[in-house]
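Below, each value reflects all heavy atoms present in this structure, side chains not excepted, and no hydrogens, waters or symmetry copies. Predicted model only: the values in this text are computed from it and were never measured.
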Amino acid sequence: MLAVLGSGGFGEVYRVRHLLLDEDLALKTLHAGLLHDAGLRERFFREARILKKLLHANLVPMREVGEWQGRLYLTMDLCPGETLAALLTRKGRLPMREAISVAIQVLRALEYAHAQGIVHRDLKPANLILSSGEGGGWEVKVLDFGVAKVLRDGSSTDGQEASLTAPGGMIGTLKYMSPEQSQGLEIDARSDLWSLGVVLFEAVTGRKPFEGLNPRETLMKILLQQPPAFSGVGLKDPGLPGLKAVVLRALAKEPAGRPESARALREELEGLGRREEAAEARRGISNAAPNQGATRGSLTIAGLAHRGKSVQGYEEYLHEQTGIVLALLPAGDFLMGSPEDEEGRSGDEVQHKVRLTRPFLLAKFELTNEQFRRFRSGHDSGSLRGESLDGDDQPVVKVSWDYAFAFCEWTRPKLRLPTEAEWEFAARGGESRAFPWGNQWPPPSGAGNYADAALKRLFPDLPVIEGYDDGYAGTSPVGKFVANPFGLYDLGGNVWEWCADWYGKYSLADVSDPAGPESGTRRVLRGGSFMWGDRRTLQCANRGRQPADMRSDNSGLRLALTPGTR
């Protein structure tokens, strides 16, 4: 143990050194006197189960959970910075632009958690860690899902979740509780939006909207009173009326009166922020830092460095934070899916016309272990029957869709996973080719890393492409084979690549910029891998699908970026 970071009614948090990993972590323990309380023990382990599911740039990832000498513990990444509560104590309040930025990041975390069926239930300044971000501003991490409510059935492993979260049990911090939560009623994700409204009100004005001399008086104000006016606290920002309207919607007494989701509230605040930036520019008092991005080709984006044109003639840019090289691909029309007479066609590949209406950037290579370890320093892609998958220049594997999304949220300018349509458009290279390498079967020598004679030496019973030997039994370093007409590598083989879309049926009509279904149970993967060698799987139109938390030794990712993203 190196230091005590904090303590509360349930336990303590320490700064500790992991001797094997040679890094500092945060270790949370439950008070020894509470170990005989079965409900509290279950709540502690429930927090661990919840945290293990949540991987997002604005959340603190959990490492491990266990019991040592009768003490329950879990370890998390150690986050630099200070809590919003400490910052407000020190500074009084935040400028409106800073407060909105903090709230938007919290809402991104809530949007992600709510999509997993999880409500935080104790959102407050003390559970928000702020650190200085690159280029100024704050980077926010949301802490402590220890009293979170699991909404979806099947989240509990022992049937005790209901008793811990049933109506009538008031868990949380009263001054930040929604009316329904403060009465012990059933809650949903909109309760977190109320709490965020309270946090935003306090961050801007320096005072809490509902605070009495005792808990009963505070409760009555939450249930019956409207929040006080923003005026009278020394605030002069011209944009405050717009912010007040947003906060008042978040603080509606009835859940139905609040924004319908964290995403809706985030978009309101983002729109308000953009309007304020434009207004400040008109007033000549803009505080925005000058754009440091290079103006070359057709793009001006801070954090991207122009590299010139590839040999195929496409503009390329370096994402400076991650080292990823991206090619600027054109807008265009193409036939997505397979024609009915294509050999090996699957029933979910109904061919239809797709129009991509705007250019987009796509990584030349699959994301490597070295690039991913800039985000998660301890990641290990492991090995396969003695063949290492963990080299710095090999594609990262054992990364779930959730982990891929978390990586994207961490990046600036923000990267994303490509849509299915973008992936297939890129794999076809602007042509009507059936496979990433062309139309012939089997693939010509050097086409890519597929199931071959080298893999057969590890897996004698696995079907492979007869007569094909790419020289790699496992993953190959990225970019070892021939680039396609867009100058992109490994769009077939090496590793499966996660796409942004939920898996579902294609539209039967012509579509523009399709993004897949709004929800689902599995995410799409594309491209096959070094373990696949059948004609159907290696076609450009083939669609893989897996649960978002699936991790395997032949699944990775490739990143995209929309011009104009910050």
Side-chain angles (χ1 to χ4, degrees), residues 312 314 326-366 401 404 416-439 441 443 447-448 450 483-517 520 522-529 532 534-546 555-562:
Q312 291 81 11
Y314 294 93
L326 301 126
L328 180 61
L329 304 189
D333 298 350
F334 76 106
L335 289 176
M336 186 172 178
S338 301
E340 291 185 1
D341 60 353
E342 187 166 67
E343 184 179 348
R345 177 184 185 271
S346 295
D348 62 354
E349 299 170 9
V350 177
Q351 193 172 68
H352 57 295
K353 185 177 180 180
V354 169
R355 169 165 293 174
L356 299 179
T357 63
R358 57 185 180 181
F360 65 99
L361 290 150
L362 189 65
K364 287 188 68 171
F365 310 105
E366 293 161 331
W401 188 96
R416 59 177 176 82
L417 294 171
T419 65
E420 250 198 297
E422 289 171 337
W423 192 97
E424 187 170 328
F425 175 77
R428 293 186 185 276
E431 304 172 0
S432 59
R433 49 178 56 195
F435 304 96
W437 60 83
N439 291 312
W441 180 265
Y450 309 111
N484 81 349
F486 284 143
L488 309 176
Y489 292 83
D490 300 315
L491 278 159
N494 222 9
V495 295
W496 286 95
E497 299 176 13
W498 287 110
C499 292
D501 308 49
W502 289 106
Y503 175 78
K505 292 182 178 179
Y506 282 156
S507 169
L508 296 180
D510 296 350
V511 291
S512 295
D513 302 316
R522 293 172 292 177
R523 295 283 186 176
V524 173
L525 301 106
R526 287 299 201 107
S529 78
W532 293 80
D534 62 291
R535 180 187 181 110
R536 181 180 66 84
T537 301
L538 298 186
Q539 290 175 344
C540 291
N542 182 254
R543 311 173 71 199
R545 62 269 194 188
Q546 291 290 345
S555 296
L557 62 149
R558 180 188 304 265
L559 283 307
L561 188 147
T562 301

- Task: State, to 0.1 Å, how close P517 and G504 come at their nearest heavy-atom pair, and which atoms those are.
- Result: CG-CA, 3.8 Å
- Query: Hey, what do you get for CZ (R355) to CG (D510), rounding to the nearest 0.5 Å?
  - Reply: 9.0 Å
- Query: Can you name the side chain to side chain contact (heavy atoms under 4.5 Å, CB included) partners of A500, sequence neighbours left out?
  - Reply: L417
- Message: So L329 and L356, do their side chains get closer than 4.5 Å, heavy atoms only?
- Response: no
- Query: Do the side chain of N542 and the main chain of G528 share a donor and acceptor less than 3.5 angstrom apart?
  - Reply: no
- Judged by atom type as modelled, is there a donor-acceptor pair below 3.5 Å linking the side chain of R526 to the main-chain atoms of L491? no
- Query: With a 4.5 Å heavy-atom cut-off, do S512 and T357 have their side chains touching?
  - Reply: yes
- Just do the side chain to side chain contact (heavy atoms under 4.5 Å, CB included) check on L538 and W437 with the steps written out, would you? CA-CA 10 Å; L538 298 186; W437 60 83; 4.1 Å; yes
- Message: Using a 3.5 Å distance criterion without hydrogens, assess whether the side chain of E424 forms a donor-acceptor pair with backbone atoms of G337.
- Response: yes
- R345 side chain to P339 backbone, donor-acceptor under 3.5 Å: yes
- Note on the structure: In terms of heavy-atom contacts, A541 and S338 come closest through CB-OG, 3.2 Å
- Item | Heavy-atom donor-acceptor pair, R558 side chain to K364 backbone, under 3.5 Å | yes
- Task: With side chain to side chain contact (heavy atoms under 4.5 Å, CB included) as the test, would you mind laying out the steps for Q546 and W498 before giving the verdict?
- Result: CA-CA 9 Å; Q546 291 290 345; W498 287 110; 3.9 Å; yes
- Query: Checking R428 side chain against R433 main chain: does a donor-acceptor pair fall under 3.5 Å?
  - Reply: yes
- Between F334 and F425, what is the ring plane arrangement, given parallel below 30°, perpendicular above 60°, and tilted in between? tilted
- Is there a donor-acceptor pair under 3.5 Å between the side chain of S507 and the backbone N or O of A509? yes
- Query: Is it true that the NZ or CZ of R523 lies under 6.0 Å from the centre of W502's six-membered ring and within 45 degrees of the ring axis?
  - Reply: yes
- Item | Main-chain N/O of E343 paired with Q539 side-chain donor or acceptor, under 3.5 Å | yes
- Message: To check you understand the geometry: which heavy-atom pair defines the closest contact between F435 and N439, and what is its length?
- Response: CE1-O, 3.8 Å
- Item | Close side-chain approach of P485 to Y314, heavy-atom, < 4.5 Å | no
- Note on the structure: With sequence neighbours left out, the residues meeting side chain to side chain donor-acceptor pair (under 3.5 Å) with R416 are E422, T562
- Query: Which atom names give the shortest non-hydrogen contact between G516 and D501, and what distance separates them?
  - Reply: N-OD2, 3.3 Å
- Message: Does W496 have more than 12 heavy atoms from other residues, nucleotides or ligands lying within 6.0 Å of its CH2?
- Response: yes
- Message: Between S346 and R543, is the side chain to side chain contact (heavy atoms under 4.5 Å, CB included) condition met? List the steps.
- Response: CA-CA 9 Å; S346 295; R543 311 173 71 199; over 6 Å; no
- State, with a plain yes or no, whether a side-chain heavy atom of D348 is found less than 4.5 Å away from one of Y503. yes
- Item | Aromatic ring pairing Y489/F365, orientation class (parallel under 30°, perpendicular over 60°, tilted between) | parallel
- Item | Full working for side chain to side chain contact (heavy atoms under 4.5 Å, CB included) between K353 and L335 | CA-CA 5 Å; K353 185 177 180 180; L335 289 176; 4.2 Å; yes
